[in-house]
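Data block below; observations after.
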Amino acid sequence: MRAAVVEGFDQEIRIEDVQRPSVSAGQVLVRIEASGLCHTDIHAAHGDWPVTPTPPFIPGHEGIGIVEEAAADVRGVRIGDRVALPWLGHACGHCEYCIDGRETLCLEQRNTGYSIDGAFAEFAVADADYVVRVPDGIAPAEAAPLTCAGVTTYKAVKVAHVVPAERVAVFGIGGLGHLALQYARIVGALVTAVDVTAEKLQLARELGADDVIDAAAQDPVAALQAIGGADVAIVLAASPAVFEQAYRSLRRGGRLVCVALPKDGAFPLPIFDLVLGGKSVIGSIVGTREDLREVFALHAAGRTRVIAETRPLEDVATSMADVLAGKVPARIVFTP
Ligand code: ZN
Ligand code: ZN
């Protein structure tokens with residue numbers, strides 16, 4: 001089968017012919033129909049983070065496809081089902097996090113496209129217990145971005161416990177941000193979109209943002225404080241400076257939700273202001289299988305719009321370069 005393979009962190013990702021994987025106990029073989037490109041795939045291919053994957057490997061954790069084979073012991077998933085292969089490819093199922101609904105914190109988790117070969121390929125095998133069924137009526141190219149960008153931002157809104165009429169500032173309107181602002185609206189928030197490009201701010205307006213702030217033209221901290229400050233700021237831009245801006249944009253009692261993962265990530269936290277202002281800083285990582293089921297349910301009900309551009313998998317290397325250059329409207333989805 002054809003797959004996009006990372007042979008080394010100093011080499012460009014390339015299309016190769018590799019052995020089609022076969023199923024072991026508990027696994028399904030999925031014929032991939034669509035697979036979204038996440039910034040994490042680029043960090044994986046470059047070996048940017050403290051824990052790196054082991055080359056050769058196949059990235060891709062927004063895989064959507066049809067189950068073609070299932071091991072004899074598989075329950076709950078059938079041949080012919082359309083499923084999503086998310087970042088959480090496997091968890092232990094019995095630690096306190098797995099049991100109490102925080103499976104994305106499991107210490108024994110394995111991650112699709114990182115420690116398990118991912119979906120930038122014609123086929124992928126997956127743990128049947130960790131795939132999520134895609135409801136009828138959602139096209140594969142729309143389901144793919146929901147599988148990471150969607151569930152990650154949905155979870156960010158959930159962990160912040162946003163309530164109606166609170167102001168949510170979304171820093172970074174791209175693959176994640178265009179969905180984050182829609183989830184914030186769904187729970188009744190007033191949404192301010194912050195970005196540095198006019199096209200992305202225009203997209204935010206079209207998707208229902210109440211205000212937009214061009215951070216290239218004005219100081220987003222001053223602009224947000226002028227309208228009372230943000231109750232919640234969600235950071236989706238992979239730059240420590242943006243985390244600091246987002247924190248300073250909070251009103252008293254505000255919550256900073258950190259989602260983006262800058263390569264060299266640290267920002268100063270003023271303790272006096274944090275304590276006296278009763279502010280919170282929250283880290284939020286992807287979402288659970290149940291979160292993804294809810295994301296799909298909202299989309300099937302017509303409550304969200306996915307902005308994506310479909311490209312052939314052969315374009316994987318140039319697409320990664322385009323994302324890094326900021327030349328991509330929202331999300332790229334590959335078709336094998
Ligand atoms: Zn991702
Ligand atoms: Zn566990």
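The first residue in the sequence is number 1, and the count goes up from there. Counting starts at 1 for both ligands and their atoms, following the listed order.
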- Note on the structure: The angle formed at the Zn ion (ligand 2) by SG of Cys98 and SG of Cys95 is about (to 10 degrees) 110°
- Stepwise salt bridge (Lys or Arg N to Asp or Glu O under 4.0 Å) check, Glu122 with Arg20: CA-CA 8 Å; Glu122 290 179 280; Arg20 179 166 144 177; over 6 Å; no
- Student check: side-chain heavy atoms of Cys38 and Trp87 closer than 4.5 Å: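 No - every pair of side-chain heavy atoms lies 4.5 Å or more apart.
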- Query: Tell me, do His61 and Asp41 make a side-chain contact under 4.5 Å, heavy atoms counted?
  - Reply: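 They are in side-chain contact.
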- Stepwise salt bridge (Lys or Arg N to Asp or Glu O under 4.0 Å) test for Arg110 and Asp127: CA-CA 10 Å; Arg110 299 186 66 206; Asp127 184 328; over 6 Å; no
- What angle sits at the Zn ion (ligand 1) between SG of Cys148 and NE2 of His61, to 10°?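 For NE2 of His61 and SG of Cys148, the angle centred on the Zn ion (ligand 1) reads 110°.
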- Message: Any N/O/S atom from Cys92 (main chain or side chain) under 2.8 Å of the Zn ion (ligand 2)?
- Response: yes
- Query: Within less than 2.8 Å of the Zn ion (ligand 1), any N, O or S from His39?
  - Reply: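 So His39 does not bind the Zn ion (ligand 1) by this criterion.
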